S.K.: 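Can you keep this structure in mind? I'll have questions shortly.
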Amino acid sequence: MAVSWRSWLANEGVKHLCLLIWLSLNVLLFWKTFLLYNQGPEYHYLHQMLGLGLCLSRASASVLNLNCSLILLPMCRTLLAYLRGSQKVPSRRTRRLLDKSRTFHITCGVTICIFSGVHVAAHLVNALNFSVNYSEDFIELNAARFRNEDPRKLLFTTVPGLTGVCMVLVLFLMVTASTYAIRVSNYDIFWYTHNLFFVFYMLLMLHVSGDDWKPYKLRRLYFIWVCRDIQSFRWFADLLCVLHNKFWHENRPDYVNIQLYLSQTDGIQNIIGEKYQALNSRLFIGRPRWKLLFDEIAKCNRGKTVGVFCCGPSSISKILHKLSNRNNSYGTRFEYNKESFS
C-alpha cells in the first residue's frame, strides 16, 4: 500500500520535527562543549593533564543536564491536562503531540542512561590521569594530592565522586524497575523506585556544585628582545628572571613568553650566572620569524584583540606594522603601537 505523504505529514510530521530539534540540540551541545574543552585556552593545562577524558566527561555532562531538565516535563500531568483543555493550543496536531509525552520521556531516559555510561567511563579515566599525571606545578588544578594516589579515593572521598556513584546506583534502580516485566508483575516496585527521582535530583545539584572545574586562562605576554651581543641583555636579565619565577610559582608559566635573539654572534653564548638559567633556554641565534610568531599569537587568541608595542629601529617597526594590518584566518585583530628611536 502506497504511503500518502500528506497523511504522513499530518500524523507524524510534527512529532518527527520535534524529535529532530531535540536531537540537533543534543548534538550541538555535545560538539560545542567538546570543542571548548579540547581547544579552549582556558582549559589548556587541564586538557594536557586529562586528555580526551576531559572533553568527553564535560560534553556528556552537557547532554545529561539538558535531558535531566526535559525528562520531567512530559510527566507533568497537571500541565498536560491544562494544555489539552486550553484554547492556547488550538491545533489538533499539537494536541496529538501531547499524547506522545510518554515516548519523549522514555527517549530522554534512554539518552540519560547512554551518556551516563560515557560520563562515568570518562571520569574513571580522569581519576587515573589525575593520579598518574600529578604535577607540583599545577597543584590547584589537580584533584589528586600526590603522584600515584589511589584513584578510588578520588571517587569515594570527594563530593563529585561520591554523589556520582550514588546517582548511578539510583539510576540503575529506576531503569531496571522500569522494564516491562517488572511493571506487569509488580507495578508498585516501578512506582516507588521511580519516586527516587527526588533523591536523584538532590544528588545532581550537589554533584554539579561540587564539580568545580576551574578555567585556567592562558593570557600570554610575548616579550621579544633582539640585540647584537650578549652583554646587552644583562642589564635587564635580573628583572626578567624575577618575572619568570613569579609567574611560574603562581602556576602561570606561560603568562610571559620570553624570547631573546642575538642577531650577531660568532657562536652560541650563554648569559653568565646560575640564576639566569631560565633565560639561557630562551636565547636564540638570528632574528625572529615574525610572520610565524604573529600566526601563533592569532591562533591562540581567536577572535580577540591583541596589542602590539614596538620600541626599536624603524626597519623592525615597518615589519610589525605591516603584519599587524595583515588579515588572518582566526579573526584576530592586532592593534599596533610604536616608540621608535631611529
Side-chain angles (χ1 to χ4, degrees), residues 39 41-42 44-45 47-49 133 135-138 216-342:
Q39 301 178 359
E42 60 266 46
H44 174 77
Y45 294 112
H47 185 263
Q48 279 192 332
M49 191 182 303
N133 298 329
S135 173
E136 293 184 355
D137 296 328
F138 305 107
Y216 202 72
K217 281 291 179 181
L218 188 63
R219 299 174 55 200
R220 304 188 77 176
L221 172 64
Y222 286 81
F223 184 85
I224 316 299
W225 195 2
V226 184
C227 290
R228 292 184 178 180
D229 57 82
I230 198 73
Q231 303 298 327
S232 302
F233 291 123
R234 289 187 179 157
W235 69 275
F236 205 48
D238 287 319
L239 179 58
L240 292 178
C241 285
V242 169
L243 286 175
H244 173 270
N245 293 331
K246 176 180 182 295
F247 290 120
W248 182 265
H249 287 102
E250 290 179 356
N251 289 335
R252 294 190 292 168
D254 286 337
Y255 185 84
V256 177
N257 185 308
I258 301 172
Q259 298 182 25
L260 309 178
Y261 289 86
L262 281 174
S263 59
Q264 295 180 6
T265 180
D266 295 329
I268 299 177
Q269 304 176 53
N270 286 335
I271 303 176
I272 300 174
E274 190 67 29
K275 63 180 179 180
Y276 298 131
Q277 289 299 317
L279 299 185
N280 288 332
S281 62
R282 289 159 175 79
L283 186 61
F284 304 94
I285 305 302
R287 296 180 181 276
R289 303 174 69 179
W290 295 114
K291 185 179 182 300
L292 291 179
L293 183 60
F294 269 71
D295 288 341
E296 178 188 347
I297 297 174
K299 184 177 181 181
C300 294
N301 297 274
R302 299 169 185 262
K304 298 180 180 179
T305 300
V306 178
V308 179
F309 184 83
C310 175
C311 181
S314 58
S315 57
I316 294 181
S317 177
K318 290 178 181 179
I319 295 174
L320 299 184
H321 196 177
K322 183 178 179 181
L323 289 172
S324 297
N325 293 331
R326 184 175 61 96
N327 288 327
N328 61 78
S329 59
Y330 305 104
T332 306
R333 184 166 64 93
F334 291 93
E335 289 187 349
Y336 180 74
N337 305 273
K338 70 173 180 178
E339 181 181 339
S340 183
F341 53 82
S342 64

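Sequential numbering from 1 along the given sequence is applied to the chain's residues. Since the structure is predicted, the reported quantities are computational estimates derived from the model, not experimental observations.
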S.K.: Can you find a pair of side-chain heavy atoms, one from W225 and one from I258, that are under 4.5 Å apart?
M.R.: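 No, their side chains stay 4.5 Å or more apart.
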
S.K.: For C310 versus S317, what's the shortest heavy-atom pair and its separation?
M.R.: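 Looking at all heavy atoms of both residues, the shortest contact is SG-CA, 3.9 Å.
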
S.K.: CG/L293 to CG/N257 distance, rounded to the nearest 0.5 angstrom?
M.R.: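 Reported value, rounded in 0.5 Å steps: 7.5 Å.
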
S.K.: Is the count of non-hydrogen atoms from other residues, nucleotides or ligands lying under 6.0 Å from R302 atom CZ greater than 12?
M.R.: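 Counting neighbours around CZ of R302, more than 12 heavy atoms of other residues, nucleotides or ligands fall under 6.0 Å, so yes.
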
S.K.: Within a reach of under 6.0 Å around CZ of R326, are more than 12 heavy atoms found that belong to other residues, nucleotides or ligands?
M.R.: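 Enclosed: over 12 neighbouring heavy atoms sit under 6.0 Å from CZ of R326.
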
S.K.: Nearest 0.5 Å, please: how far is CG in L320 from CG in N325?
M.R.: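 Answer rounded to 0.5 Å: 11.0 Å.
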
S.K.: Between W290 and I316, is there a side-chain heavy-atom distance shorter than 4.5 Å?
M.R.: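 Yes; the side chains approach each other to less than 4.5 Å.
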
S.K.: What distance do L262 atom CG and F284 atom CZ have between them, rounded to the nearest 0.5 Å?
M.R.: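 Interatomic distance, L262 CG to F284 CZ, rounded to 0.5 Å: 11.0 Å.
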
S.K.: Within the side chain of N337, is there an N or O that forms a donor-acceptor pair under 3.5 Å with the backbone of V308?
M.R.: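 Yes, N337 side chain to V308 backbone: donor-acceptor pair under 3.5 Å.
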
S.K.: Backbone N or O of L323 within a donor-acceptor pair of the Y336 side chain at under 3.5 Å?
M.R.: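 Not a single qualifying donor-acceptor pair exists.
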
S.K.: Using 0.5 Å steps for rounding, measure from the CD atom of Q259 to the OH atom of Y222.
M.R.: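 Rounded to the nearest 0.5 Å, the CD-OH separation comes to 8.0 Å.
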
S.K.: Evaluate the side-chain contact (heavy atoms from CB on, under 4.5 Å) criterion for residues N328 and F294: first the C-alpha distance (whole Å), next the side-chain angles of each, then the deciding distance (0.1 Å), finally the verdict.
M.R.: CA-CA 9 Å; N328 61 78; F294 269 71; over 6 Å; no

S.K.: What are the two closest heavy atoms between G286 and Y261, and how far apart are they?
M.R.: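 So the minimum-distance heavy-atom pair works out to O-CB, 3.4 Å.
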
S.K.: So do V306 and T332 actually touch side chain to side chain, heavy atoms under 4.5 Å?
M.R.: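 Yes, their side chains come closer than 4.5 Å.
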
S.K.: Is a salt bridge present between K291 and D295, judged by a nitrogen-to-oxygen distance below 4.0 Å?
M.R.: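 A salt bridge links K291 with D295.
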
